[in-house]
There are 2 protein chains.
Amino acid sequence: MAREATSKTHAMRALVELRKRITKGELPGGTRLFEVALAEDLQVSRTPVREAMSRLAEEGLLERAPSGGFMVRSFAYADVLDTLELRGVLEGTAARLAAERGVPEAKLREITEVVRKLDEVFGDEPGDVDFEAYSELNGQFHDALAALPGSATIERELARVKSLPFASPSAFLPNEGRLSAFRRSLAVGQEQHRELVAAIAAREGARAEALAREHALAARRNLEYIFSSEHSMVTTVPGLELVAPAEK
Amino acid sequence: MAREATSKTHAMRALVELRKRITKGELPGGTRLFEVALAEDLQVSRTPVREAMSRLAEEGLLERAPSGGFMVRSFAYADVLDTLELRGVLEGTAARLAAERGVPEAKLREITEVVRKLDEVFGDEPGDVDFEAYSELNGQFHDALAALPGSATIERELARVKSLPFASPSAFLPNEGRLSAFRRSLAVGQEQHRELVAAIAAREGARAEALAREHALAARRNLEYIFSSEHSMVTTVPGLELVAPAEK
DNA sequence: TCCGGAAAATTTGTATACATGACTGCGCCA
DNA sequence: TGGCGCAGTCATGTATACAAATTTTCCGGA
């Protein structure tokens with residue numbers, strides 16, 4: 001998961017800065033981005049700004065306006081739900097294909113090892129979890145899962161979806177540390193990790209697909225909880241601030 | 001499905017020309033595209049060439065090279081198979097969500113009307129089909145299907161996948177006209193259209209998903225046939241010429 | 001022969017001036 | 001008063017010169 005070098009070129013600095021502003025919700029959905037204004041603001045010329053915006057459009061954070069130029073993409077609550085649904089479907093497909101096609105021994109060992117390491121972050125006490133480590137390893141698990149079927153196509157599309165800040169597998173984890181019910185859900189998630197790998201190893205495609213879907217939909221439950229009961233937690237989930245507040 | 005205006009700007013002309021060359025297989029996968037060379041060839045400056053390449057990367061036909069610049073994306077036989085699988089999965093999801101969430105009366109009427117028009121292109125004789133009209137209406141059906149659940153997210157991702165030339169719902173249709181067995185398969189496809197709409201209307205999510213997946217996989221059967229038995233037909237499917245010939 | 005490394009060539013990155021096109025608002029005409 | 005059209009303004013499209021970075025080439029040394 002090597003992130004692009006933060007600041008080798010002006011375009012990259014502009015890209016990172018713009019992405020930050022968008023995901024923080026500083027630029028509401030629909031906002032038109034003007035090259036000259038941004039160039040002046042970022043102290044570079046229009047050229048790297050264009051390059052940055054072009055890449056952000058590729059990422060899905062910007063849209064190309066019909067008559068040229070870019071605008072910030074609007075994400076309503078429903079769009080976030082559907083994106084999480086989409087991640088579930090794609091991870092389910094990765095799991096099913098891995099089961100159907102079979103997985104090389106090395107890859108299976110690799111993801112099993114990640115699951116083992118995830119076990120280690122749970123302490124003796126029920127709610128005793130190293131969240132930092134869990135988040136990192138959880139990301140590794142989902143990356144390994146995407147790679148299991150050995151399909152560049154699937155891996156690529158999954159990477160695309162997961163690149164949206166609120167669709168990252170670890171996006172909602174910081175929240176889970178807050179409430180004990182959430183903490184317990186981590187253990188449930190880990191159990192799903194284990195069962196998922198077992199299903200794939202046993203070549204049980206339908207079960208693997210169902211498990212992966214259900215696992216991804218834990219994020220949906222968290223999202224629904226935040227928006228219905230604890231709206232203040234919106235700020236704790238990366239990228240959730242860019243969701244249009246109007247359509248709850 | 002309004003295609004972009006072919007030639008309002010230099011960038012658009014370059015985009016269209018480059019896309020043509022790539023899908024025709026004139027530029028093999030992995031080919032590095034140099035801005036200056038292309039600019040000279042297309043009689044424009046580097047700026048619109050960059051813009052065109054950037055959009056083609058967004059489309060999935062080009063990849064960004066690690067050290068800057070672009071290269072033609074390689075599509076192996078397996079990648080085409082996986083892309084068709086992916087389209088099946090996404091159309092299945094669109095169908096399932098439409099069934100689960102319910103579809104506004106107007107949209108249901110619209111897609112039913114497309115199915116009705118598709119009926120009309122079948123003549124009295126078994127193999128008597130207006131392929132031109134079938135192809136156009138088939139595209140309309142799949143566009144309407146993508147829009148059924150009312151999810152911009154799903155519709156967008158589906159549009160992305162279908163934009164790859166060999167993943168278009170009508171990509172393999174020209175072939176089907178060649179052999180009588182293929183002609184019969186059109187009738188099978190139309191029956192699937194009908195059942196799919198019925199399943200969605202009846203809110204049968206699982207069935208709708210299965211039907212949509214199976215329907216999309218007809219393309220996979222055609223692909224397998226072409227590559228195993230009638231490799232000469234590769235030229236008759238748009239965009240299939242760009243598939244790397246090496247890996248069978 | 002092989003490797004390291006520096007210089008040369010090539011390619012992309014950036015700034016900027018100018019051209020072209022889109023939008024706004026004003027005023028003219030019906 | 002309403003609508004049409006014509007500027008003027010503003011934003012993007014394009015070309016181009018120069019800078020920086022990457023890749024290639026070639027030479028010297030081990």
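Chain identifiers are assigned alphabetically (A, B, ...) following the order of the sequence lines, protein sequences preceding nucleic acid strands; residue numbering begins at 1 within each chain.
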*Asks:* What is the distance, rounded to the nearest whole Å, between atom CZ of A:Arg32 and atom C1' of C:dT24?
*Replies:*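 It is 14 Å, rounded to the nearest whole Å.
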
*Asks:* Atom CD of A:Glu40 to atom P of D:dA11: distance rounded to whole Å?
*Replies:*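 Computing the A:Glu40:CD to D:dA11:P distance gives 12 Å.
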
*Asks:* Would you indicate, yes or no, if C:dA22 has its OP1 or OP2 atom less than 4.0 angstrom from a side-chain nitrogen or oxygen of B:Lys8?
*Replies:* yes

*Asks:* Assign A:Ser67 to base, sugar-phosphate, or nothing according to its heavy-atom contacts below 4.0 angstrom with the strands shown.
*Replies:* sugar-phosphate

*Asks:* Taking atom types as they are modelled, is there a donor-acceptor pair under 3.5 Å from the base of D:dG13 to the side chain of A:Arg50?
*Replies:* no

*Asks:* Going by ring pair (Phe, Tyr, Trp, His ring centres under 6.0 Å), name the residues that satisfy it together with A:Phe141, two or more places apart in sequence or in a different chain.
*Replies:* A:His193

*Asks:* Roughly, in whole Å, what's the span from CE in B:Met12 to P in D:dG13?
*Replies:*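 Spelled out: CE on B:Met12 to P on D:dG13 is 8 Å.
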
*Asks:* Under a 3.5 Å cutoff, is there a donor and acceptor pairing between the side chains of B:His142 and B:Glu91?
*Replies:*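 Present: a donor and an acceptor within the cut-off.
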
*Asks:* To the nearest Å, give me how far apart CZ (A:Phe70) and C1' (D:dG13) are.
*Replies:*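 About 12 Å, once rounded to whole Å.
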
*Asks:* Give the minimum heavy-atom separation between A:Val114 and A:Leu137, together with the two atoms involved.
*Replies:*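 That closest heavy-atom pairing would be CG1-O, 3.6 Å.
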
*Asks:* Please report the distance, rounded to the nearest Å, between CG in A:Leu38 and C1' in D:dC10.
*Replies:*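 The distance from CG of A:Leu38 to C1' of D:dC10 comes to 15 Å, rounded to the nearest Å.
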
*Asks:* Show your working on ring pair (Phe, Tyr, Trp, His ring centres under 6.0 Å) between B:Phe172 and B:Phe166 and close with a plain yes or no.
*Replies:* CA-CA 8 Å; B:Phe172 290 89; B:Phe166 49 77; 8.5 Å; no

*Asks:* With a 4.0 Å cut-off on heavy atoms, is B:Arg64 in touch with a base, just the backbone sugar-phosphate, or nothing at all?
*Replies:* nothing

*Asks:* Between C:dG13 atom C1' and B:Phe34 atom CZ, what is the distance in whole Å?
*Replies:* 16 Å

*Asks:* Rounded to whole angstroms, how far apart are CE on A:Met53 and P on C:dG13?
*Replies:*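 Taking atom P of C:dG13 as the reference, CE of A:Met53 is at 16 Å.
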
*Asks:* Rounded to the Å, how far apart are B:His10 NE2 and C:dA19 P?
*Replies:*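 After rounding, the gap between these two atoms is 14 Å.
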
*Asks:* Scan B:Leu61, B:Leu62, B:Leu15 and name whichever one has a side chain to side chain contact (heavy atoms under 4.5 Å, CB included) with B:Arg55.
*Replies:*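 That would be B:Leu15.
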
*Asks:* For the side chain of A:Glu35, starting at C-beta, report the closest nucleotide among C:dA15, D:dG13, D:dA15.
*Replies:*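 Closest nucleotide to the A:Glu35 side chain: D:dG13.
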
*Asks:* Among the nucleotides D:dA15, D:dT22, C:dT14, which one has an atom lying closest to any side-chain atom of B:Arg46?
*Replies:*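 Ranking D:dA15, D:dT22, C:dT14 by closest atom to the B:Arg46 side chain puts C:dT14 first.
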
*Asks:* OP1 or OP2 of C:dA15 sitting under 4.0 Å from any side-chain N/O of A:Ser45?
*Replies:*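 Checking C:dA15 against A:Ser45, a side-chain N or O does come within under 4.0 Å of OP1 or OP2.
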
*Asks:* Starting from the 5' end of DNA chain C, give me the residue, A:Val44 or B:Val36, whose nearest nucleotide shows up first.
*Replies:*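 Mapping each residue to its closest nucleotide by heavy atoms, the 5'-most match is B:Val36.
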
